[in-house]
Structure formats: C-alpha cells, structure tokens
Amino acid sequence: MILFELKRIFKEGIIIILILAALAIYTLTTDKDPYIVSIVFMLFLLIYASFTGWSVFDRERQEGAEEYLFSMPVSRTRLFFLKFTPRLFAVLLVLGCFHLVHHYFNFPLYYPPLDFSIFYISFFLISLSFSISIKSFVGAFFLNAFISVGLSFFIKMLDSEISEFSAVLTANLALLAFPIIFFIVFQTLDIKPIKRFNLKFVPPLAVIVGLLVGFFWIKNLNQEWRHYYLTRTGDIMRSYCTRSQLIRGDRVIPFNGCVTPLLEENNSLYLHVREKGEKECQTRRLERFDPGNGNRRTLLEVEEGWSLGHGSGERNGALVDGTYYNILRNLDLKRYKIIMLNKDGSSGEIPIYGNFYDETVDDLFHVAGKPRQFFITTRSLVYRVFENGEAEELFPIPMGMITWKDRLLVFDEKGMTLFEISDRLEPVFHKLGNVKKVRRRFGGLESSKAMVQVDRKFYLFDMEAQQLEAVDIPYRPYYYYYDADGDFLHLLWVRGDELTYGRMEQGTFKKKRKWNTTIGGEGWRAIRPFPSGVVVFNTKEYERYLFDR
Amino acid sequence: MIKVSDLTVSFGKIKALDKISFSADRGECILLAGANGSGKTTLLRSIAGVLFSHRGGIEVNDKNVGPETRAKTAYIPSSLSLYNTMNLEEAAALHASFYPRFSYREIGDFAFDMNRGVGTLSRGEKTLFFLSLALSTSPDFLLIDDVLHFLDPHLREIFLGTILRLIEEEQLSVIIAAQSAVDIEGVLERVVVLDKGKVALDDSVESLKQSFVRLYAEGEKIPDNLPVVFQREWEGMKELYIYPLPPDVKSVTGGRMEYLTLSEILRAFIGGEYDSL
C-alpha cells in the first residue's frame, strides 16, 4: 500500500514539483528582483503541502474505491498511517530539498525559513484534516490559509510585542488539534455519507477554534508590565519577562525579550536585553539604542550563565567619560567581573578574584579615582574593586550614600561623612548629629550637591565646596535633583494620589505643578521620577507626567 | 459462524435495520432477499465491517467485527468498488498486500489479461475478477451484494459453479443478496427475506417450498386467522399466498392449492410489501 501511495503522490505532485524546480532555477539565475519570485515559490510550496495532505483520500473518492478500502482487514488507525506516512515523507523530502537549496545556493527568502517551515507543515496537517469534509481542494486550501494565517495574525494583533515567529509557532501548534481530532473521528469513518462524518468532526473543531481565540484574547488581557523608564524625550520603555515596548505617542514599537534601559546618555539608551532561557529570563546582551531613528547596536554579547544585577529603577551601572561600567555575575561559578564598554565600540572586563562572592551583589553604582576604583553594593556591604580585580570590603551598607566624581558621602547614625576617593578613602568633611539623606535623585543622576535633612531643616550640601546651603521647603520631598548647569533644584512631593513638582532657582520656587494620579496606591504602585518627568504605574497601566522643559 | 444479534442501523431518522437477529453457519449458502431499501446491503456492509455505526452485536467466528474478522470475510459490493486506474496485476498485488495468505485464484477456465485496466472491464468481468480476488484470500465467509445480474448466463454458471464447489470442498459460507432466486436456487439452502429493516422470513428452502402455497378461492368463506402473506382479488376470484401452511387449510376453504417455486415465493413476499404501501 505504501508503494502505491508513493507512486500516486509522485504522479499527483509532479506538475507542482516541476513548477517549483523551474521557479527555483529562475530565481537563482535571474538578475531581476528575486524576492518577488521567491514569494511565488513559497506559495507553490504551500500549495504542494496542502494538496498532498488534502488528497489523502481523494483517489478513493474519485474512483469509488472507499467501500473496497474499508472492507480490507486493517484497522482505521493502520489505514490512516498507511496513507499518512508516505505523504509526510514526501512533504518532508520537498521541504528538505528546499532548505538545502536555500542553504547552499543562497536562495532568497521573503519569509524566515523556520517560520515558513512551520506554515508548510501546518498546511499539510490541516489540509489532511479537511480531506474528507471538503471535496474541493481550492476550498480546503483557502480555509486552511484563513485559519492558519488568520490565527497567527490574530495572536500578533492581540500581543503586538510578540515576535512573528512566536505568533506563527503558537498559532500552528494550537492548530495541531485539527489533525488530532480528525484522527480520532477517523476511527469511526465508514461508508455512511460525509455529512455523518462532518457532524462528528466539525463541532469539536468549532469548539477548538473558539477556545483558542478566547484563550489568546484572555491571555492578552492579563498582560503585566513591571519596569518603566521615561526617556529625556518623553518616550516610555516598559517591559516584563518576555516582552518589551517603546511607546512614542500613539505608536508602540515591540521588542523581543525583556529589554530594560540601564541609563541614558545624549538621547541614547543603554539597554539590558534578556530572553527566556531554560529556567527564566537570562541576560543575553547589552545594546545601545537610539529611540529617534530606531537604531540598535550590540555592545556586548553576554556568555551563558552570566547576568547583570538589578540596579535601581532609574539607573543601572555607571557612565564615566563615555565608558559604561557594570558588573556581571555568574551564580553557578560564583564569580563576578566588571565590564567596560567604550565609546569606540571596544570592550573589556576585569574579573574579580579571590574569595569575593556575594550572591546579593546588586549594583556597580560608582566609578572614580585614578587608577579607577569600582564601588559595588550588596545587600549588606559596600565594596570597592581595583583595576587588578582585587576586592576590598569597605563598610556595611550605611543609612545613605551619595556619590559624585571622586566624592563619596556616607550617612550613618552619627552623622554624615564626605570621603575623597584615592588609594584610601580619605574623610574630608564630617557633620555630627541627626543628619539624614533625602531620598534619592531623579533617574539616579549624580550631581555636585546633595540634599540632606538636619533635624527638621533641609540643606543642599555642596560636595565640592563642602558647604551646606539652606533650602526653604515645608517638608521632605519624595525625590529631588540638583541641576548644576542651571543651578536648578527640582523637587517632587507625593501625598496620596497627588503629585507636586516644583523647581527652585536661587532659593525660590519659579515653577510649580500639581497632578492627581488615577492609579491608586491601595494596590502595588510605583512612582519613578526621571529628568524629564514622572511615571506612575502598576502592573496594568501607567501615567506619565512631563516636567516643562 | 456469523451471528447477528438485535442489530439496528440508522441513517438519521431512517432505520435501515431494526433489531434483526440472524445467523449463518459454515458451509451454508443463504439468499438474502427483499425489496429495494429493505436493508440487504446495510446488513452485508455491517457484517463486512464497512459500516460501523450500529447498535446490537455482530460476531464472526465468535469475534466482534474488526480487522481480524475482515480477514476471514470476503465482500463483493454491488458498487464493485475497486481502483479503476490500476491494472489487474496492480489490483491483485494491492489486495495481496492486505492478506498474508493471498494466492491468486482464477475462476473456472476464465483467464484475465492482467495488464488490462480495471476500468476497462465490463460489469460482468469485474464481478468475476472481484470474485477471484475474494476467493484468493481463502475466506470463511463470502458476502455477495446483488451482482449476479451483471453476469451473462455463461459467466453466471462459472460463478455459481465455483461457489458451489467451494461450499462443498472448503465449507465456505456464502450470503448472496438478490431480489430473485432465478438460476441460483440450486445452490441455496436457506432464505432470509428482509422487509423494511426487519426479518420477514427465515427458513430453509426445502421447508419453505413445503409450507408456502398459493390458494385460489372463489366465493368460499376464508377463515380470518389464515396466515395470508399476500392476496389479490380479481373478477370474484381470490388469490391467496399462505405461509406457513396450516394442515387443514384445503379442507377448510375447499379452494385449489398450488406449491410454488422459490422465485414465486420471493415475488409474493416482495409483491406483498408493495401492495401494502
């Protein structure tokens, strides 16, 4: 029976095979745009796959041999596989030849080969499912295309950040239900009219399609976002696990994988790209991204097993003289290394040696000194690492810490101490008393002045001049930022759902704005200030409040 | 043995077979008769395993119908369903691929040119070729669905001769579905008549011939409880077909009584059905 089937498949498909061969030769030899022909080529491949699947019982139907076949001493299961196996072999053979031609002769493809292969096999299997129900091949092909392509588009439409490959794979894996149901119903196929078969076959299919559509719809409703970043141009980047987006006005640009900004420089973003690995999202690479023109450039491919720390919500790593620094960790090897990504595209790394291992290493928060020293925090300690990779434990995590150039301002229960970073940490200023660091600065940005609270009063402490300057504000701000260029002090207060922004120049408020966020604080909510504004968000929604430029 | 128990087959709201019970032993030759639409083909298809969906039981050699029973049951459908684009050699090879014990058997002295296409055979030739294929698998049971009328007298003689020989020599059981017993009465042992999906008659040929009579009665009083299968009346004369024959029917009615041939008996049953519509 299998030999008969193979002969039959060859006879039936010979015309399409010859057309494919002619198209392939033309595509490889033409000087004209080959992609148009490659589209036609791929279409004929799909037609071949579809026809080979649909025609599984076409011969019996045409020649009236169904009754003969059903009276043979074989089970329906064996009969199914006697017909199915040679056809599967034929379509895989053609697909294999196609891939060989593509690989060795650089056959141009309009569609990625793996995506296309999924469509191809899917067309074969779904058309096979329609082999009994639909008498016309044209009808079966178009229904097949509608379902397979349609569901892929539907998934993509619901989840714009999903890649096309994922949408195609998801849709067509789900549609494997069709041949499975066909196989089940085929077990009771007999000489009764096709209507009887369809009564058993079509309702479960309709249910499956409805369930699939409903599932993807509901899945999309439950999308969550955890990380938000507001760029200086007011765009939003948000991400969670396997998906990310850049939102610019009404436009949404999806990214594959979890893409989170590390920091921003001159309207370019340093990006941390993670993708789903065996266990969870894994660091894959660091990139530089220009939201203006959409250019992305890979700065560093991260080896398997290495990952970045968490950093803060607004900043991760340090940028000094155009070089980006951060720390990578390998929890399996219990190793760390500092990476350096230079302006010219080169990169370097400094493995941290010795017994240094703390799986809570969180952040490389500052780089200073000549030779360079790298300041790292864990959950309990502050370290510095020298250029030779030697790590030195400095002190336990203090109540507060602010850095700027070669200055390190540390707050503890006794007061605050300013250190100058050199071979040693040289204390150059000390203030005893109830001195507290005021929250943190917008976007994790460093500046020469830091806001401190002494008892109930507020001051700006100039880390260069080592002087305190009083700031007349009624109560502690939620966030602040000192802009040395304009001598501005930006302040943000949050009270319940009310956000107040103020800008002080030379000790007086020049601008004040108030917003009321509708994202309530009763559930989980984050408020993140950035140099250009504030983002308030929970897992489902966000609001953006821009400061006046 | 074939054993059918309370078999019901429906096509939508139409019951093609309605709780019929029937059996066939090894070496029996049974005529399955009935008007068009009485359920003959449905019954044979159910036994052959071509039709699945039914209620009730069908056993062949104590096994439920399935691939194993289909290996021992050869079925010649009225559609003579074969692959018309194959030649005879290919068709035989395909058939052989399903049956491990296949050994091609010619029918009588009739030899086919195996390079001929199946589609080029006449109906009669196709019937004979189908019989060749069927018998080549050494079946225990042969089911023939209303194909005898395709055969000319010569081919029919070959066909029936072969069957008779196999019944005697190899205990082949044969169930032939036909509307008449012309030319085949000599091979039959038993008759089963279906009427609207039910068994209207199941008796041996010998017993049937002895207990099925035609009675002519003119003006005499006819007892109400006479088992009349079918009756006609014309010009004051009544023609009654009676089965089973009560011992005292002639003395009661005083009419003229005749014994019938099998064909006449079948005509009466089938004619009776149409008249009652």
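Each chain gets a letter, A, B and so on, in the order the sequences are listed, and its residues count up from 1. Since this is a predicted model, take the numbers as computed values, not measurements.
For the atom pair A:Leu69 CG and B:Leu94 CG, the distance stands at 8.0 Å (nearest 0.5 Å). Distance CD1/B:Ile76 to OH/A:Tyr68: 12.0 Å, rounded to 0.5 Å. Between the CZ atom of A:Arg78 and the CZ atom of B:Phe98 there is a distance of 7.5 Å, given to the nearest 0.5 Å. For the atom pair CD (B:Glu68) and OG (A:Ser75), the distance works out to 11.5 Å, reported to the nearest 0.5 Å. Rounded to the nearest 0.5 Å, atoms OG (A:Ser71) and CG (B:Leu51) are 12.5 Å apart. A:Lys11 NZ to B:Thr85 OG1: the interatomic distance, rounded to the nearest 0.5 Å, is 7.0 Å.
Contact of A:Gln62 with chain B is not made at all, since no heavy-atom distance falls under 4.5 Å. Within the 4.5 angstrom heavy-atom criterion, only side-chain atoms of A:Leu82, from C-beta onward, approach chain B. For a residue to count as touching a neighbouring chain, one of its non-hydrogen atoms must lie under 4.5 Å from one of that chain's; by this rule A:Arg196 touches chain B with the side chain only.
At most 12 non-hydrogen atoms from other residues, nucleotides or ligands lie less than 6.0 angstrom from CG of B:Asp62. Within a 6.0 Å sphere centred on CD1 of B:Ile14, heavy atoms belonging to other residues, nucleotides or ligands number 12 at most. Annotation: A:Ile15, atom CD1; neighbour count of heavy atoms from other residues, nucleotides and ligands within 6.0 Å does not exceed 12. Atom NZ of B:Lys3 has 12 or fewer neighbouring heavy atoms from other residues, nucleotides or ligands inside a 6.0 Å radius. Heavy atoms from other residues, nucleotides or ligands lying under 6.0 Å from CZ of A:Phe183 number more than 12. Applying the 6.0 Å contact sphere to CZ of A:Phe153 captures no more than 12 heavy atoms from other residues, nucleotides or ligands.
Contact of the A:Val74 side chain with the B:Pro67 side chain is not registered, since no non-hydrogen atoms from C-beta on lie closer than 4.5 Å. Two residues are said to be in side-chain contact when any heavy atoms from C-beta on lie closer than 4.5 Å; A:Phe70 and B:Arg45 fail this criterion. Side-chain atoms of A:Glu63 and B:Met86, non-hydrogen and from C-beta on, never get closer than 4.5 Å to each other.
B:Phe52 approaches A:Gln187 most closely through the heavy-atom pair CE1-O, 3.1 Å. Here the closest non-hydrogen pair linking B:Val50 and A:Arg76 is O-NH2, 4.2 Å.
Side chain of B:Ser81 to backbone of A:Gly64: a donor-acceptor contact under 3.5 angstrom is found.
Ranked by non-hydrogen atom pairs under 4.5 Å with chain A, the options B:Ser97, B:Gly119, B:Pro77 are led by B:Pro77.
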